[in-house]
Number of protein chains: 2
Amino acid sequence: MKDKLPTIKEIARQLNVSISTVSRALHDHPGIGLRTKMRVQQLARQLEYEPNQTAIFFKQRKTFTIGVVLPNLGEEFFSQAINGIEEIATQNKYSVLIGQSKDDVARERQIVTTMKNNRIDGLIVSLSKNTTTYDHFTALKKFNIPVVFFDRVPTSPDFNKVYSNMNSGTREAIEFLIDKGHRRIGVINGPDQMRSSRERTETYKQVLIARRLKIDLRLVTSTDLTKEGTQRAMQHLLSQRPKPTAILVINDYIALDAIQYAKQQKLKINKDICFVSYANLPITHYLETPPMASVEQFPYKQGAKAAEVLMQLMANDNKKEEPGSFLNIVINGQLIVHSRR
Amino acid sequence: MKDKLPTIKEIARQLNVSISTVSRALHDHPGIGLRTKMRVQQLARQLEYEPNQTAIFFKQRKTFTIGVVLPNLGEEFFSQAINGIEEIATQNKYSVLIGQSKDDVARERQIVTTMKNNRIDGLIVSLSKNTTTYDHFTALKKFNIPVVFFDRVPTSPDFNKVYSNMNSGTREAIEFLIDKGHRRIGVINGPDQMRSSRERTETYKQVLIARRLKIDLRLVTSTDLTKEGTQRAMQHLLSQRPKPTAILVINDYIALDAIQYAKQQKLKINKDICFVSYANLPITHYLETPPMASVEQFPYKQGAKAAEVLMQLMANDNKKEEPGSFLNIVINGQLIVHSRR
DNA sequence: CTATTTCACGCAATCGTTTGCATAACGCAC
DNA sequence: GTGCGTTATGCAAACGATTGCGTGAAATAG
């Protein structure tokens, strides 16, 4: 019922040997006699001795802990990602410290500082929506704390990144629709500042050009991600003549709003109008009228991959990494078709 | 470009004062002259000195870190819970270390041990499905590391717990159905060992007795939570005569499977048969045929509350807590009606 | 001018563990 | 009995910060 965990010192006292002997005995050091080794190990078991990691961390300047900073655990994408991160970290005997930025830059900075002071060995980050400066991360690099970004990554090339390339998925999606006979394909993007929105538009144009279809930019619109914004976007698209027969939507949630609106307008889903979106949420299996297909972004895999990369970087900490060599890992999105009709 | 963070010692060296003076100056200790204090603080800022928490933790035997062990971050319920936990922890300047047991007891024990060795100040746990012994947790109590369980809590009364009481929600749900005119109400429980299953059955009986309705225990069945198990459960219920007109289902996901099955049997949802379930997933808003109502369990709130309780317990660590006094906090589930038809 | 208080700072121990180096005890050969 | 190589163990420093106690110098009182 004592409130102190047993220490190496306590074992030493009880056996009347020195601290260093105990330490070595527990590490199976060759220079320790068999008898002593046995006695130490037995008493250690008996006292349920466990080394005090905080002391070891402190001494070794290594905590076997990685930090993860992401916007919001409440979002399926991020909780799946951290699921993957935790899995890999555990396999490598690392612990995981988490922080949510809640898309607030000040909070993000605060978390990073705290984690730095806690001497994490490495950091995985998905940026807050509003982060535009990266000095709080470059500060870490100076102290050999490697950083890997995933999903929401900085634009600058001077960082390690893992992210999904939606281009191939977008390409697949549009070609899928064209192959189904669609000629007027609408797009609902997210806010303009999102890189993914610009890329989507770009790929859209490329594919249409490659397939020698007419590009009508009135069919490319955006939503602020609110339900109302999505309704306005749909209203805009459906007022075009001729109407689009298919719409590519930024993600499944927004697609559901869009589908709801279309239904209210008495359109038959997958007949009058088709939807393809991104994320591939598990719930789509339960929907009567799911998007026809969606582009899976593999959040678990992205998280796991980011963690693997970080493990590598941490292992290489001794070798001076050549400056200017940053990993850039792209996970291709993949079109998952839900409904062939 | 040096790879060592500045230390108090470095500041002392540069200013030619002692380490203790620097420490005190940084803490605004009264015994330090104004001049010295200013010089120290200025140099500290200039070097971007930040205290090495691992050293402080080690010395103070306090890490300002709490551990969270739960089955699976991939599940919405748990990711929302940890969202709440992280929020409260951050407010109190605590960091959060997470571990997923993946419903594996051995893994759970391993995580708890690691966290203990990392000298967490407190622990929040939602038990793995198969945990039946609690010695890995009682071990923590001996060392004054308080533990709070949430949602999946031990049966023993000797622990602090936060969990949702589904009884009132269940009562509301059944009364809601009775008020709608239903007289034959089925139940699909989870596996028998789940406490919630037994409680649900109990409340079911109580309400029916109170309302003077006949109890037919053939209408109470269970699923192993697989889709097939749920189909068997539905098959069983629908083969009863007279058929139930409403079914209470253990959670929304299972309800969706059940609804799918009912549709396949050409039953009209909310007409031939109604469903009420638990969890209140956001997706139900998008379903054409959602459960008629579901009992919200407030995972964010449960997590936040568990964290608050833990903070209190950690603050009380000095005062000997009277043995045998354990907190038992119940968060009442609440019926959310989706469809009034 | 001396005695006493106050001020400003330094010394050293401490937390638990690791690890290079020193050293005692022993055996063995000569 | 002396010398030397093993073998088994201990000593002490180090990691970074905190803190009780001691002390020199300056300031004040007498």
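Chain identifiers are assigned alphabetically (A, B, ...) following the order of the sequence lines, protein sequences preceding nucleic acid strands; residue numbering begins at 1 within each chain. Hydrogens, waters and symmetry mates play no part in the numbers below; they use all other heavy atoms, side chains included.
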Exercise for the section: Find the distance B:Phe57:CZ to D:dG16:C1' and express it as a whole number of Å. Expected result: 13 Å
Practice task
Assign each of A:Pro51 and B:Ile32 to its nearest nucleotide of DNA chain C by heavy atoms, then name whichever residue's nucleotide is nearer the 5' end.
Solution key: B:Ile32
Handout entry: Candidate nucleotides C:dT17, D:dC11, D:dA17, ranked by approach to the side chain of A:Ile56 - the nearest
Key = C:dT17
Handout entry: Parallel, tilted or perpendicular: ring planes of A:Tyr94 versus A:Phe64, cut at 30 and 60 degrees
Key = tilted
Handout entry: A:Tyr134 ring center near A:Phe159 ring center (under 6.0 Å)
Key = yes
Practice task
Scan B:Val22 against the nucleic acid and name what it touches under 4.0 Å (heavy atoms): base, sugar-phosphate only, or nothing.
Solution key: nothing
Exercise for the section: Using the aromatic ring of A:Phe58 (for Trp, its six-membered ring), decide whether it stacks on the base of C:dT17 within the limits of 5.5 Å and 30°. Expected result: no
Practice task
Would you tell me if any nitrogen or oxygen in the side chain of B:Arg61 comes within less than 4.0 Å of OP1 or OP2 on C:dG16?
Solution key: yes
Handout entry: Nearest-Å distance for atom pair NE2/P, residues B:His29 and D:dA17
Key = 18 Å
Practice task
Give a yes/no on whether any side-chain N or O of B:Ser18 is located under 4.0 angstrom from OP1 or OP2 of C:dG10.
Solution key: yes
Problem - Nucleotide nearest A:Asn52 (side chain, heavy atoms from C-beta), chosen from D:dT19, C:dT18, C:dG16 - result: C:dG16
Problem - Interatomic distance where NZ belongs to A:Lys62 and C1' belongs to D:dA14 [whole Å] - result: 20 Å
Handout entry: Nucleotide nearest B:Gln60 when distance is taken to its side chain, options D:dA8, D:dC11, D:dT18
Key = D:dT18
Practice task
Respond yes when some side-chain nitrogen or oxygen of A:Lys9 is under 4.0 Å from OP1 or OP2 of C:dC15, and no when none is.
Solution key: yes
Completion exercise
Picking from C:dC15, C:dC21, C:dC11, the nucleotide nearest the side-chain atoms of A:Arg24 would be C:dC21
Handout entry: Partner of A:His136 under side-chain hydrogen bond (donor to acceptor under 3.5 Å, both in side chains), chosen from A:Gln110, A:Glu108, A:Lys116
Key = A:Glu108
Practice task
Please work out if B:Gly31 contacts a base, only the sugar-phosphate, or nothing of the nucleic acid, heavy-atom cut-off 4.0 Å.
Solution key: base
Problem - Presence of salt bridge, B:Arg61 and B:Asp121, under 4.0 angstrom - result: no
Exercise for the section: Could you state the atom-to-atom distance from CG of A:Leu15 to C1' of D:dG10 in whole Å? Expected result: 15 Å
Exercise for the section: By nearest nucleotide on DNA chain C, pick out whichever of B:Lys37 and B:Arg119 is the more 5' one. Expected result: B:Lys37
Handout entry: Under-4.0 Å side-chain N/O to phosphate OP1/OP2 contact, A:Thr36 with D:dT9
Key = yes
Handout entry: Donor-acceptor contact present, side-chain A:Gln100 to main-chain B:Asn83, <3.5 Å
Key = yes
Exercise for the section: For the residue pair A:Phe149 and A:Phe137, categorise the inter-ring angle as parallel (less than 30°), tilted (30 to 60°) or perpendicular (more than 60°). Expected result: perpendicular
Exercise for the section: Rounded to the nearest angstrom, tell me the gap between atom CZ in B:Arg35 and atom C1' in C:dC9. Expected result: 15 Å
Exercise for the section: Tell me whether the OP1 or OP2 atom of D:dT18 has a side-chain N or O from B:Ser23 closer than 4.0 Å. Expected result: yes
Handout entry: Separation of D:dA13 P from A:Ile19 CD1 (nearest whole Å)
Key = 13 Å
Completion exercise
By nearest-nucleotide position on DNA chain D, the 5'-leaning member of B:Ala55 and B:Ser20 is B:Ala55
Exercise for the section: For B:Glu10 and D:dA17, give me the distance from atom CD to atom P, rounded to whole Å. Expected result: 11 Å
Practice task
Check whether any side-chain N or O of A:Thr21 sits under 4.0 Å from OP1 or OP2 of D:dG10, and answer yes or no.
Solution key: yes
Handout entry: Value in whole Å for how far the C1' atom of C:dG16 lies from CD of A:Gln53
Key = 11 Å
Practice task
Can you figure out which of D:dA17, C:dG10, D:dC15 approaches the side chain of B:Thr7 most closely?
Solution key: D:dA17
